[in-house]
Amino acid sequence: NPANPPTAPAPIRLADATPLFFTILAAGQGQGALLQLRQLPQGGALSLRLLQQRLQQAAGHAADAAVAAAARRGMAWAEARGGRRPWLMVSLSDGHDPHFRKASFDPARCPADCPRPCQRVCPALAIGAAGGVVRERCYGCGRCLPACPLGLIEEQQVLLSPEVVPQLLAAVQEALDIGAQSGCPVHVSHFKASGQDAWGLVQRAAERIEQARQQGRKVTADQYPYVASSTSLTATIPQWAEDGGPDKLAERLRNPQLRARIRREMEDRNPDWESRYQSAGSWENIQLASIGRSRDEASPNRQYEGLRIAEAARRAGKDPFDFVFDLLIEERGAVGCVYFIIDEADVELAMRQPWVAIGSDGSALSIEGPLRSGVPHPRNFGTFPRVLGRYVRERGVISLEEAVRKMTSLPASILGLKDRGTLAVGQWADLVVFDPATVGDRADFENPFQYPVGIDTVVVNGTVVLDEGTHTGTRPGQVLLRP
């Protein structure tokens with residue numbers, strides 16, 4: 001009908017879009033997954049552990065030299081694809097993995113007279129990673145901090161030196177003290193209080209951080225919007241029992257005397273180590289997420305994925321502790337779990353703090369194919385839409401504008417990214433188009449493999465990657481480089 005000619009699709013207007021959402025904390029699942037940008041349906045998460053799997057291959061209980069060698073291979077991989085060196089922190093300087101903590105962050109291996117202990121305890125600094133991490137036992141000598149040749153990011157985990165200081169307040173204070181003494185910025189990762197005994201401490205921790213900020217110190221944090229965390233089942237085991245790797249752990253669990261000792265220490269209500277079992281309070285609050293090192297190898301234990309450990313033990317006809325010990329032996333420690341240990345009130349209180357960014361702490365997964373496995377934490381698919389739907393629209397915890405800032409310009413500024421995170425002339429065109437009235441997460445703890453709703457279009461580096469909810473097949477992502 002000439003009077004009503006068909007209209008062309010409306011172009012994307014800047015007024016309709018927000019900057020691409022940054023996850024300041026995420027776990028990669030190998031090179032292919034990250035290149036495919038599997039988190040795009042929830043708003044295009046930029047993973048900061050771009051070389052996670054490559055670096056973790058040497059994590060185990062290797063010497064520092066082996067870990068550094070693995071990092072160099074990761075750097076070479078990035079350079080071969082057009083980059084120089086990763087600008088952002090990579091897994092080696094991440095420190096969340098317990099194997100890295102044991103392999104690299106031992107003060108006994110850092111001589112008191114070492115002139116450059118950073119290169120010993122933080123090998124990433126010696127090979128060009130821009131984001132040094134100060135955490136765990138890394139700062140045993142303390143002098144590595146002023147020697148850090150970066151000045152861009154110093155990230156500090158909440159549970160700093162958990163073997164020595166498991167309390168949240170003491171850990172945060174220690175991080176603040178290190179920042180004050182060294183002049184380094186402090187970033188508190190995973191800002192939360194784990195376990196009922198610690199619930200409510202986020203308020204006091206936030207007050208200490210706010211006081212430091214009022215004194216002119218640069219302190220920031222990140223969180224994910226869930227009441228459950230996720231890590232290995234071995235986090236319930238005393239750390240001495242893991243020394244030597246999974247084979248040694250299995251050997252100890254087969255020894256009746258050591259097995260009994262491990263159980264006694266796990267049942268201790270006042271442990272001097274970070275016990276995820278005590279944080280959970282019972283096996284009812286721990287859900288099996290992934291079982292087995294390789295999905296190519298069949299394991300009869302995978303029937304328990306998605307079950308709480310208490311229920312899985314009942315089905316197996318075993319005492320829960322014996323079920324856990326036997327499972328760790330049979331799977332050589334390769335068991336991932338979801339821990340329901342966080343208070344909703346703490347989640348909301350942390351979110352109200354203007355210096356807390358949003359991070360998924362998730363992996364690059366897919367609802368189909370080789371990147372679908374187990375029953376993982378729903379944060380892999382729902383983090384950003386959950387904030388926009390549940391905490392903005394439904395609960396009114398923060399405004400829409402503040403939520404967008406926490407996912408875009410705030411994490412970009414924390415990381416020193418001057419050309420991303422905002423909509424402005426000269427910035428990279430990383431955009432998300434969503435409907436504030438409908439955006440939300442669908443992934444839950446029973447069925448996490450569900451993409452969110454309400455996100456229509458994602459643009460990465462000026463290229464449309466998600467078009468009306470459909471992946472276009474383009475891969476414009478790149479390793480971010482040093483300025």
Side-chain angles (χ1 to χ4, degrees), residues 12-26 37 39-40 42-50 87-89 130-131 151-155 185-191 206 209-210 213 216-225 350-362 383-389 391-393 397-436 439 454-455 457-462 465-466 476-483:
I12 297 174
R13 300 180 304 150
L14 288 183
D16 299 327
T18 73
L20 189 71
F21 301 153
F22 281 71
T23 175
I24 195 168
L25 179 65
L37 297 172
Q39 291 201 32
L40 277 173
Q42 63 157 308
L46 173 64
S47 177
L48 303 188
R49 297 184 191 175
L50 292 173
W87 187 94
L88 301 176
M89 64 179 178
L152 293 175
I153 309 167
E154 290 293 339
E155 182 177 334
V186 173
H187 183 77
V188 180
S189 183
H190 303 82
F191 189 44
I209 293 173
E210 188 59 40
R213 287 174 55 85
R217 287 146 63 184
K218 185 177 180 180
V219 187
T220 52
D222 64 64
Q223 70 168 150
Y224 46 81
M351 195 173 294
R352 291 189 184 98
Q353 310 310 310
W355 35 266
V356 176
I358 303 298
S360 71
D361 197 18
T383 294
F384 302 115
R386 182 175 179 83
V387 172
L388 297 170
Y391 292 99
V392 171
R393 188 177 62 248
V397 175
I398 54 176
S399 68
L400 177 62
E401 294 80 4
E402 177 68 354
V404 170
R405 186 187 70 87
K406 284 173 170 284
M407 303 175 192
T408 56
S409 61
L410 177 58
S413 66
I414 292 171
L415 297 168
L417 293 171
K418 301 181 186 297
D419 56 356
R420 296 180 189 269
T422 59
L423 298 181
V425 175
Q427 297 285 88
W428 284 94
D430 298 329
L431 309 173
V432 179
V433 180
F434 65 89
D435 183 351
V439 66
I455 294 180
T457 302
V458 175
V459 179
V460 178
N461 292 327
V465 178
L466 195 71
Q478 62 184 16
V479 175
L480 296 188
L481 310 176
R482 284 182 175 180

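As the structure is a prediction and not an experimental result, all values here were calculated from the model.
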Visitor: Yes or no on side-chain contact (heavy atoms from CB on, under 4.5 Å) for Met407 and Thr383, after CA distance, side-chain angles and deciding distance?
Guide: CA-CA 10 Å; Met407 303 175 192; Thr383 294; over 6 Å; no

Visitor: Could you measure the distance from the CZ atom of Arg352 to the OH atom of Tyr391? Nearest 0.5 Å is fine.
Guide: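 So the gap between those two atoms works out to 10.5 Å.
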
Visitor: With under 30° as parallel and over 60° as perpendicular, where do the rings of His190 and Tyr224 fit, or are they tilted in between?
Guide: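 Aromatic pair His190/Tyr224 classed perpendicular.
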
Visitor: So, do Val404 and Phe434 sit near enough that their side-chain heavy atoms are less than 4.5 Å apart?
Guide: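 A side-chain contact exists here, since the closest heavy-atom pair is under 4.5 Å.
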
Visitor: Donor-acceptor pair, Asn461 side chain versus Pro476 backbone, under 3.5 Å?
Guide: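 Flag set: sc Asn461 to bb Pro476 pair under 3.5 Å.
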
Visitor: With rounding to the nearest 0.5 Å, note down the distance linking CG in Leu423 to OG in Ser409.
Guide: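 The CG atom of Leu423 sits 10.0 Å away from the OG atom of Ser409.
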
Visitor: List the atom of Lys418, the atom of Gln427, and the distance in Å for their closest heavy-atom pair.
Guide: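 That would be O-OE1, 3.0 Å.
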
Visitor: Under 4.5 Å between any side-chain heavy atoms of Leu431 and Val433, yes or no?
Guide: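 No, their side chains stay 4.5 Å or more apart.
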
Visitor: Which pair of non-hydrogen atoms, one from Val387 and one from Pro225, has the smallest distance, and what is that distance?
Guide: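 Of all heavy-atom pairs spanning Val387 and Pro225, the closest is CG2-CG, 3.7 Å.
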
Visitor: Stepwise, does the side-chain contact (heavy atoms from CB on, under 4.5 Å) test hold for Leu400 with Arg393?
Guide: CA-CA 8 Å; Leu400 177 62; Arg393 188 177 62 248; over 6 Å; no

Visitor: Could you grab the distance from atom CG of Leu410 to atom OG1 of Thr220, nearest 0.5 Å is fine?
Guide: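 The distance works out to 7.0 Å.
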
Visitor: So, for Ala429 and Val459, which heavy atoms are closest and what is the spacing to 0.1 Å?
Guide: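 In this case the closest contact between Ala429 and Val459 is O-CG1, 3.4 Å.
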
Visitor: If I compare all heavy atoms of Lys406 with all of Ile398, which pair ends up nearest, and what's the gap?
Guide: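 Smallest interatomic distance, heavy atoms only, reads CD-CD1, 4.0 Å.
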
Visitor: Distance check, rounded to the nearest 0.5 Å: Trp428 atom CH2 versus Thr422 atom OG1?
Guide: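 Between atom CH2 of Trp428 and atom OG1 of Thr422 there are 14.0 Å.
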
Visitor: So, Arg405 side chain and Pro354 main chain: donor-acceptor pair closer than 3.5 Å or not?
Guide: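 Yes.
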
Visitor: Going from CG on Leu417 to OG1 on Thr408, what distance comes out if it is rounded to the nearest 0.5 angstrom?
Guide: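 Those atoms lie 12.0 Å apart.
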
Visitor: Of all the heavy-atom pairs spanning Ala357 and Pro411, show the shortest one and how long it is.
Guide: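 Taking every non-hydrogen atom into account, CB-CD, 4.2 Å.
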
Visitor: So which heavy atom on Phe191 is nearest to which on Ala206, and how close?
Guide: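 Where Phe191 meets Ala206 most closely, the heavy atoms are CZ-N, 4.0 Å.
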
Visitor: I'd like to know whether Thr457 forms a side-chain contact (heavy atoms from CB on, under 4.5 Å) with Leu466, so could you lay out the CA-CA distance, the side-chain angles of the two residues, the decisive distance to 0.1 Å, and finally the verdict.
Guide: CA-CA 5 Å; Thr457 302; Leu466 195 71; 5.8 Å; no

Visitor: Check the pair Gln223, Ile358 against side-chain contact (heavy atoms from CB on, under 4.5 Å), reporting the backbone distance first and the verdict last.
Guide: CA-CA 5 Å; Gln223 70 168 150; Ile358 303 298; 4.1 Å; yes

